[in-house]
Amino acid sequence: MAVQPDDVLDARGLPCPLPLLKAKQALSRLSEGQLLEVLATDAGSWRDFETFAEQSVHQLVARETRDDTFHYWLRKGGEPTP
């Protein structure tokens, strides 16, 4: 993907659910609209990030697999309204 992320999280080697938990922490440090790239090797992360994006205000912009590494691009959404 030719998009320049605002932050990159290297979660390779971390077992489920750590890549997603670390991504949530990283997103909390970003401003609305900024892009986070996550690198993970846990196969379960493919489903985890899809489900997370469906159930949150954040957008899964893209995802792809390169060799044994999964790449995810998450755009931070705004805070949910009560």
**Study point:** same_hphob_cluster(Leu27, Leu60) at 4.5 Å side-chain heavy-atom cutoff
**Key:** yes

Here the pair of heavy atoms bringing Phe70 nearest to Ser45 is CD1-OG, 4.0 Å

Is a donor on one side and an acceptor on the other found under 3.5 Å between the side chain of Thr69 and the backbone of Thr41?
no

d(Leu20 CG, Leu18 CG) to nearest 0.5 Å is 9.5 Å

**Report entry** Ser28 side-chain N/O to Gln25 backbone N/O, donor-acceptor pair under 3.5 Å
**Finding:** yes

The reported gap from CZ in Arg75 to CG in Asp6 (rounded to nearest 0.5 angstrom) is 7.5 Å

(Q) Strictly distance-based, threshold 3.5 Å: is any side-chain N or O of Glu50 a donor or acceptor partner for the main-chain N or O of Arg47? (A) no

Taken to the nearest 0.5 Å, the spacing of Asp10 CG from Glu37 CD works out to 9.5 Å

Separation between CG (Asp42) and CZ (Arg12), nearest 0.5 Å, reads 14.0 Å

The salt bridge (Lys or Arg N to Asp or Glu O under 4.0 Å) partners of Glu32 (sequence neighbours excluded) come to none

When you group the ILVMFWY residues by side-chain heavy-atom contacts below 4.5 Å and let the links chain together, are Leu21 and Leu14 in the same group? yes

Closest non-hydrogen contact found for Val38 with Ala23 is CG2-CB, 4.0 Å

Checklist entry - Do you reckon Phe49 sits in the same ILVMFWY cluster as Leu35, going by side-chain contacts under 4.5 Å, direct or chained? => result no

#### Entry: Lys76 side chain to Leu30 backbone, donor-acceptor under 3.5 Å
yes

Closest heavy-atom pair, Pro15 versus Pro19, reported as atoms and distance to 0.1 Å, is O-CD, 3.3 Å

*Apply side-chain contact (heavy atoms from CB on, under 4.5 Å) to Gln59 and Trp73, showing your working.*
CA-CA 8 Å; Gln59 178 187 9; Trp73 289 269; over 6 Å; no

Under a 4.5 Å side-chain heavy-atom rule over Ile, Leu, Val, Met, Phe, Trp and Tyr, are Phe52 and Trp46 clustered together?
yes

CZ of Arg63 to CG of Leu74, rounded to nearest 0.5 Å, is 10.5 Å

Closest non-hydrogen contact found for Val57 with Gly78 is CG2-O, 2.8 Å

